[in-house]
Protein chains: 2
Amino acid sequence: MSKPIQRHSRQRQVILEELRMQTTHPTATELHQLAKQRLPNLSLGTVYRNLELLTRTGLIRRLDTRGGEARYDGDCTHHFHVRCLRCGRVNDAHGLSAAPVKEQVQTLDGYRILGYRLEFEGICPTCQKRPTRQR
Amino acid sequence: MSKPIQRHSRQRQVILEELRMQTTHPTATELHQLAKQRLPNLSLGTVYRNLELLTRTGLIRRLDTRGGEARYDGDCTHHFHVRCLRCGRVNDAHGLSAAPVKEQVQTLDGYRILGYRLEFEGICPTCQKRPTRQR
DNA sequence: CTAATTGCAAATGATTTGCAAAATT
DNA sequence: AATTTTGCAAATCATTTGCAATTAG
């Protein structure tokens, strides 16, 4: 189960270029529309496959935590979360203060700021013990 | 178009109680399984409807930014984002740092911390001008 | 009584996947 | 030649919605 060698494809190149041209943080569909102007028979599936690949490679960033179901918390007191990147499990992160962060944000580009989300990412104790299989 | 009066329902009560009992940040399906033990013909649809309602009311928190499509960013330099809660648009938030917060996090419950997500939420300039329709 | 809420099932929306053909190395 | 990557379509997964029946106030 070795990782496949990555080849160079025109569609991947174009998708990356188009994304880099945008400042709007486009969705897969929007990107598909854009890239299609240069590669008329580019399929949406290919866009998805490449966005996933480019994200894994670290060439681009996916803003939204996708995949799987949404999680809910019944505890509304002020606290943050740590999410395991491998198994998806979420734990509470108590005793942290983001006061310094909050202070920096009064107005942002004319936005009226209502709140913020801060979430840590890492590998949970259980997954650290498991054999590291790269996916 | 006035907001509907909220009534009290047994299923909502049970869903809320079960969520509050958990420390695992369960998903809708997990919660459905749990609550079903007390209300055998509780439907998953009702769970979704109530999670949505409870989140709007502020009684619970939804951890994941759901709805719509994922957004991507071709700019991998260190920066954060502001998301408009009304139209979903995302802008960059430069010149901010969560370093002070990160410093507090060396180990968290045994997690190996690899990074964090910080995202601000608010109303964008365009939406501020639009008439405020509550949904 | 009136309107909110439910269960059920079907619909939707986003993303993923199987497969044979095309492209890369 | 060997494998990755593609386009297409069908499949999957999470969530939403329409509707008639039930329930709360």
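Heavy-atom basis, side chains included; hydrogens, waters and symmetry copies ignored. Just so you know, these numbers come straight off a predicted model, no measurement behind them. Letters go in sequence order (proteins before strands), and every chain restarts at 1.
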> What contact category does Glu52(A) fall into here, base, sugar-phosphate, or nothing, at under 4.0 angstrom with non-hydrogen atoms?
nothing
> By nearest atom, which of the nucleotides dT5(D), dG7(D), dT6(C) is closest to the Arg12(A) side chain?
dT5(D)
> Go through dC8(D), dT5(C), dG7(C) for me and flag the one nearest to the Ser43(A) side chain.
dC8(D)
> Indicate, yes or no, whether a donor-acceptor pair under 3.5 Å links the base of dA3(C) to the side chain of Arg7(B).
yes
> Consider the side chain of Gln11(B), meaning its heavy atoms from C-beta on, and name the nucleotide among dG7(C), dA14(C), dT16(D) that approaches it most closely.
dG7(C)
> Tell me the interatomic distance from Arg71(A), atom CZ, to dA14(D), atom C1', rounded to whole angstroms.
14 Å
> Would you kindly give the CG-to-P distance between Leu51(B) and dT5(C), to the nearest whole Å?
14 Å
> Of the nucleotides dT5(D), dT6(D), dA4(C), which one has an atom closest to the side chain of Gln6(A)?
dT5(D)
> May I have the distance from Leu42(A) (atom CG) to dA23(C) (atom C1'), rounded to whole angstrom?
15 Å
> Between atom CZ in Arg10(B) and atom P in dA4(C), what is the gap in whole Å?
23 Å
> In whole angstrom, what separates Gln13(B)'s CD from dA24(D)'s P?
13 Å
> Testing the 3.5 Å rule here: is there a donor-acceptor pair between the side chains of His25(B) and Asn91(A)?
no
> Considering residues, nucleotides and ligands other than Leu114(A), do more than 12 of their heavy atoms fall under 6.0 Å from its CG?
yes
> As a test of reading the structure: which of dC8(D), dT5(D), dT15(D) is closest to the side chain of Leu44(B), going by heavy atoms?
dT15(D)
> Verify side-chain contact (heavy atoms from CB on, under 4.5 Å) between Leu118(B) and Arg117(A), making sure each step is shown before the conclusion.
CA-CA 6 Å; Leu118(B) 174 57; Arg117(A) 308 180 157 264; over 6 Å; no
> When you check the side-chain N and O atoms of Gln13(B) and Glu17(B), is any donor under 3.5 Å from an acceptor?
yes
> Using heavy-atom distances to pick each residue's nearest nucleotide on DNA chain D, tell me which of Val47(A) and Glu69(A) is more 5'.
Val47(A)
> Determine whether a donor-acceptor pair (one donor, one acceptor, N or O, separation below 3.5 Å) exists between the side chain of Arg49(B) and the base of dT16(D).
no
> Just N and O in the side chain of Ser9(B): are any of them under 4.0 Å from OP1 or OP2 of dT6(C)?
yes
> Is it true that the side chains of Thr24(B) and Arg89(A) contain a donor and an acceptor less than 3.5 Å apart?
no
> Without decimals, in angstroms, what is the distance between His32(A) NE2 and dT6(D) P?
12 Å
> Taking CG from Asn41(A) and P from dA9(D), how many angstroms apart are they, rounded to a whole number?
12 Å
> Quick one: Leu54(A) CG to dT4(D) C1', roughly how many Å, whole number?
15 Å
> If you assign each of Leu39(B) and Tyr48(A) to its closest nucleotide in DNA chain C, which residue comes earlier from the 5' end?
Leu39(B)
> Output the single nucleotide from dT15(C), dT6(C), dA14(D) whose closest atom is nearest the side chain of Asn50(B).
dT6(C)
